Amino acid sequence: PNPKKFDTWSPPQILVIHLKRFSYRSQYMRDKLDPFVDFPLEGFNLKPHILAKTEDDLLYDCYAVSNHFGSLGGGHYTAFGKNAVDGNWYNFDDSSVSPADVSKVKS
């Protein structure tokens with residue numbers, strides 16, 4: 001797979017990163033990519049990706065992760081979210097919400 005790179009001129013207040021996790025085999029055939037993606041849950045520094053010069057680090061903390069289980073033809077979405085009041089992570093699965101182990105948030 002080819003590495004992806006992004007740059008932006010100025011930092012956003014809220015940063016959303018959406019990974020397209022599939023590859024094309026042909027015009028009509030795609031494969032889902034499911035290797036583990038590692039990322040910091042706290043302190044992601046956007047400074048190397050900002051074109052405008054700044055002296056300050058541009059730090060972001062992760063507050064939610066959306067997951068898809070299944071294939072390209074169908075599947076199920078769940079999410080992890082961090083509660084801003086108690087600082088704990090929770091698993092959201094349809095109408096069910098349960099405490100989540102922080103080690104399970106990255107997928």
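Only a predicted model underlies this, so the values are computations on that prediction, with no experimental measurement involved.
- Residue Leu59 belongs to no hydrophobic cluster, having no ILVMFWY side-chain heavy atom closer than 4.5 Å to its own.
- Both Ile50 and Phe39 are members of a single hydrophobic cluster when ILVMFWY side chains are connected at heavy-atom separations under 4.5 Å.
- Under the 4.5 Å side-chain contact rule for hydrophobic residues, Leu41 and Val37 share a cluster.
- For the atom pair Leu15 CG and His49 NE2, the distance stands at 9.5 Å (nearest 0.5 Å).
- Looking at heavy atoms from C-beta onward, Val65 lies out of side-chain contact with Lys106 at the 4.5 angstrom threshold.
- Taking Asp61 as the reference, nothing meets the side-chain hydrogen bond (donor to acceptor under 3.5 Å, both in side chains) condition, with sequence neighbours excluded.
- Scored by the side-chain hydrogen bond (donor to acceptor under 3.5 Å, both in side chains) test, Lys47 finds no partners at all (sequence neighbours excluded).
- Apart from Leu51 itself, the hydrophobic cluster it occupies contains Trp9, where clustering links Ile, Leu, Val, Met, Phe, Trp and Tyr at side-chain heavy-atom distances under 4.5 Å.
- Checked against side-chain hydrogen bond (donor to acceptor under 3.5 Å, both in side chains), Asn45 has the following partners two or more places apart in sequence or in another chain: Asp57.
- Taken together through direct or relayed side-chain contacts under 4.5 Å among Ile, Leu, Val, Met, Phe, Trp and Tyr, Tyr63 and Ile17 form parts of separate hydrophobic clusters.
- Judged as a side-chain contact (heavy atoms from CB on, under 4.5 Å), and not counting sequence neighbours, the contacts of Asn83 are Val85, Asp86, Tyr90.
- At least one side-chain heavy atom of Tyr60 sits less than 4.5 Å from a side-chain heavy atom of Pro11.
- The ring-ring contact (aromatic ring centres under 6.0 Å, His included) search around Tyr77 returns His68, not counting sequence neighbours.
- For Lys104, the side-chain contact (heavy atoms from CB on, under 4.5 Å) test picks out Phe80, Asp101, with sequence neighbours left out.
- In the hydrophobic clustering (ILVMFWY side chains linked at under 4.5 Å, chained through shared members), Phe36 stands by itself.
- For the salt bridge (Lys or Arg N to Asp or Glu O under 4.0 Å) test, residues two or more places apart in sequence or in another chain that qualify with Glu42 are Lys82.
- For Pro40, the side-chain contact (heavy atoms from CB on, under 4.5 Å) partners at least two apart in sequence or on another chain are Phe44.
- Taking the side chain as every heavy atom from C-beta outward, Cys62 and Trp89 approach each other to under 4.5 Å.
- Residues meeting the side-chain contact (heavy atoms from CB on, under 4.5 Å) test with His76, sequence neighbours left out: Thr78, Asp93, Asp94.
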